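Here's the structure, in structure tokens; my notes come after.
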Amino acid sequence: MNIVIATSEAVPFAKTGGLADVTTALAKALQDLGHEVSLFLPYYPQKYAAGAAADLPLASTGHDVSVPVGGKKRGGRVLRTSLPDADVSVYLIDQPLYYDRRELYGENGADYKDNCERFTFFSRAVMEATRLLDLRPDILHAHDWQTGLIPALLKLEYGRTSQFAQTGSVITIHNLAFQGQFWHWDMALTGLDWKHFNWREMEFYGHLNLLKTGIVYSDFITTVSPTYAHEIQTKANGAGLDPVLLHRADRLIGILNGVDMSQWNPETDPYLARNYDSQTLATGKAACKADLQKRLRLPQRPEVPLVGMVSRMTDQKGLDIIAGCIDAILVKDLQMVFLGTGDANYESFLTTLAERHPDKVSATIGFNETLAHQIEAGCDMYLMPSRFEPCGLNQMYSLVYGTVPIVRAVGGLADSVVDATADNLRSGIANGFSFVEYHADALLATVKRALAAYQDQQQWRQLVATGMSADWSWQRSARRYVDVYQHAALRRTVAWYRAHPPEET
């Protein structure tokens, strides 16, 4: 298939979170499966120059786009490069007025006021560049609200042309909390008829909602785990869009994200003190644990359980219930390491905790890619008690690295971590520990269960082996996406032939 992926982030060009990892890994996995993939994102020159992408060759395609944005024409260049170590064409939309900024979406805690205009331009530029490059995609795959306008442009404008007549569309919801809501007058920026600003299409309680737009107009909607697909159809977790998602439930599919094994693999990871696999786990993980304890100035005690967490420090990630039971946890003989940034109160809480317990707790405020890998490899357990989690990646990284996750059973955490109950252990399917109630007492009880299991080395080895033996690769997930693409493309093809029946001879 010929697939165009549109995203506001991709590695190594620009990243604020998991969206960048997912779109890049999916593009590579689809290419590995034999499909033709083109990846579109804005050209953020400051991010490009400061990151790993700076070493990649960047060339002009010879095409410029000129698209309507709010009654005026706005132009931009179409640049081309490729993903490192992958034959995936990357097209960067260059428009300095919109994208030559310090950050992707906002600064100092505030969104850029022209975000609707910025990503309306990007969506239209992707459609126009796809036309000028004559890519003729079978599928346009949009990601999150920043590209939510693309399925509408396909259905209302470009789908009438021969280049897009049989093109299907898919939108992936990575986190329903971010919807791209703007005041109603921004509807004029889209260039679409005001008749589409209604409760069935683009309007949401008096506002323009770009994620809703993508949900309404896409042939299929995916989200990043099966459980999250069910959760967002409920009033409790639907963020107001549950009626729309329920209406389109027959086209809503949850596909668990995968692990980019070229980046997260203990056999080849360049950041580790010693590489290992399931056969050399004992010696390899012991070396990584000792190295991590030394680096973080914790006592090098091989026998003590080492618990890690790499995360944004926010309520969503469970920091409030961690704070509610941390003193009871630290009574136990264990060590804990934290890495991340977030709310100032949680950063201060963890820093103070490390100062109070220097032999038990290490807290690194900031982000460090090397240390993130070393925590996954060096720890015995990984803590992820999220309030909600559309998919989560770190619990899967942990399973790949032989680190047993402790999670709350929501979203993708429920789909990837099987609780170590007696029945699950007997069946050989348990790979971690989970709890349901979002409460400090439930977290504490689960940590205690994990610490008790750690003392039974035969049981612990079974948990680790079960996690490491599963297929967490993106190839598994990419095949599911291909199934969705085929259904979407088939629907468009059938619709086209119904509208253009062959002439009788």
Side-chain angles (χ1 to χ4, degrees), residues 4 6-9 14 16 19 40-44 63-78 91-107 110-132 140 142-161 164 169 171 173 176-218 240-241 244:
V4 166
T7 177
S8 58
E9 303 180 26
T16 64
L19 171 64
F40 282 82
L41 72 154
Y43 174 55
Y44 308 99
H63 292 289
D64 294 335
V65 295
S66 180
V67 298
V69 180
K72 60 181 179 291
K73 286 282 190 177
R74 184 71 72 189
R77 295 189 303 159
V78 184
Y91 296 99
L92 301 166
I93 304 299
D94 179 27
Q95 216 308 323
L97 179 67
Y98 293 142
Y99 308 122
D100 189 4
R101 303 185 185 184
R102 286 177 53 196
E103 302 298 338
L104 273 58
Y105 311 121
E107 296 177 34
D111 291 343
Y112 292 130
K113 293 182 179 180
D114 61 344
N115 272 350
C116 186
E117 181 173 348
R118 297 172 72 224
F119 290 103
T120 291
F121 169 80
F122 175 63
S123 294
R124 283 198 168 274
V126 169
M127 296 302 298
E128 189 63 11
T130 301
R131 183 188 70 82
L132 291 171
L140 283 168
H143 290 264
D144 274 350
W145 71 264
Q146 292 91 342
T147 56
L149 193 61
I150 286 176
L153 294 173
L154 174 63
K155 190 157 288 188
L156 299 176
E157 294 184 5
Y158 285 82
R160 302 168 184 168
T161 68
F164 295 91
S169 63
I171 188 167
I173 302 168
L176 195 65
F178 304 102
Q179 299 182 9
Q181 289 193 57
F182 303 96
W183 76 325
H184 66 286
W185 289 116
D186 279 346
M187 179 67 189
L189 294 172
T190 71
L192 298 176
D193 196 300
W194 273 92
K195 70 181 181 181
H196 301 294
F197 188 76
N198 64 75
W199 69 273
R200 293 183 181 275
E201 297 177 78
M202 301 175 71
E203 182 266 343
F204 183 74
Y205 294 100
H207 293 83
L208 171 66
N209 187 310
L210 293 181
L211 183 61
K212 178 182 176 180
T213 299
I215 292 169
V216 168
Y217 282 103
S218 289
L241 289 179
V244 184

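Because the structure is a prediction, the values reported are computed rather than measured.
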*Kindly indicate, with the supporting measurements, whether the criterion side-chain contact (heavy atoms from CB on, under 4.5 Å) is fulfilled by Val216 and Met202.*
CA-CA 8 Å; Val216 168; Met202 301 175 71; over 6 Å; no
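- With sequence neighbours excluded, no residue forms a salt bridge (charged side-chain N to carboxylate O under 4.0 Å, His left out) with Arg200.
- Taking the side chain as every heavy atom from C-beta outward, Val4 and Phe40 approach each other to under 4.5 Å.
- The closest donor-acceptor contact from the side chain of Arg124 to the backbone of Thr190 lies under 3.5 Å.
- Annotation: salt bridge (charged side-chain N to carboxylate O under 4.0 Å, His left out) contacts of Asp111 (sequence neighbours excluded): none.
- For the atom pair Leu132 CG and Asp64 CG, the distance stands at 9.0 Å (nearest 0.5 Å).
- A donor atom on one side chain and an acceptor atom on the other are not found under 3.5 Å apart for Tyr91 and His63.
- Residues Lys212 and Asn198 share a closest heavy-atom pair of NZ-O, 4.4 Å.
- Around atom NZ of Lys72, more than 12 heavy atoms belonging to other residues, nucleotides or ligands sit under 6.0 Å away.
- Using a 4.5 Å heavy-atom cutoff, the side chains of His196 and Met187 are in contact.
- Not a single salt bridge (charged side-chain N to carboxylate O under 4.0 Å, His left out) links Asp186 to another residue, sequence neighbours left out.
- A donor-acceptor pair under 3.5 Å links the side-chain atoms of Arg160 to the main chain of Leu156, judged by distance alone.
- With sequence neighbours left out, Gln181 forms a side chain to side chain contact (heavy atoms under 4.5 Å, CB included) with Gln179, Phe204, His207, Asn209.
- Qualifying ring-ring contact (aromatic ring centres under 6.0 Å, His included) partners for Phe122, counting only residues two or more places apart in sequence or in other chains: none.
- If you take CG on Leu41 and CG on Leu92, they are separated by 5.0 Å, rounding to the nearest 0.5 Å.
- Side chains of Gln95 and Tyr43: no donor on one and acceptor on the other come within 3.5 Å.
- Heavy-atom minimum distance, Pro151 versus Thr147: CD-O, 3.6 Å.
- Judged by distance alone, with hydrogens and angles left aside, the side-chain atoms of Gln146 form no donor-acceptor pair with the main-chain N or O of Gly148 at under 3.5 Å.
- In terms of heavy-atom proximity, Ala6 sits nearest to Val126 at CB-CG1, 4.2 Å.
- In this pair, His184 and Trp194 present their aromatic rings perpendicular. The plane angle is above 60°, beyond the 30 to 60° band.
- Pairing each heavy atom of Thr213 with each of Ala152, the nearest pair is CG2-CB, 3.7 Å.
- A perpendicular orientation is assigned to the rings of Tyr99 and Tyr44, their planes being inclined by more than 60° (bins at 30° and 60°).
- In this structure, Leu208 CG and Leu189 CG are separated by 8.5 Å, a value rounded to the nearest 0.5 Å.
- Of the listed residues (Arg118, Glu107, Arg101), just one forms a side-chain hydrogen bond (donor to acceptor under 3.5 Å, both in side chains) with Tyr112, and that residue is Glu107.
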*Could you check Leu104 against Ser8 for side-chain contact (heavy atoms from CB on, under 4.5 Å), going step by step and ending with a plain yes or no?*
CA-CA 8 Å; Leu104 273 58; Ser8 58; 5.8 Å; no
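- A distance of 12.5 Å separates CZ of Phe197 from CG of Leu192, quoted to the nearest 0.5 Å.
- When only modelled atom types and interatomic distance are considered, Tyr158 and Thr130 share no side-chain donor-acceptor pair under 3.5 Å.
- Applying the side chain to side chain contact (heavy atoms under 4.5 Å, CB included) test between Ile171 and each of Leu211, Leu140, Ile150 identifies Leu211 as the sole match.
- No donor-acceptor distance shorter than 3.5 angstrom exists from the side chain of Glu117 to the backbone of Val69, with no hydrogens or angles considered.
- Within the model, atoms CG of Asn115 and OG1 of Thr120 stand 10.0 Å from one another, a figure rounded to the nearest 0.5 Å.
- Not counting sequence neighbours, the partners of Phe178 by the side chain to side chain contact (heavy atoms under 4.5 Å, CB included) test are Trp145, Asn175.
- The closest side-chain heavy-atom distance from Arg74 to Ser66 is not below 4.5 Å.
- In this structure, Ile93 and Val78 have side chains that are in contact, with non-hydrogen atoms separated by less than 4.5 Å.
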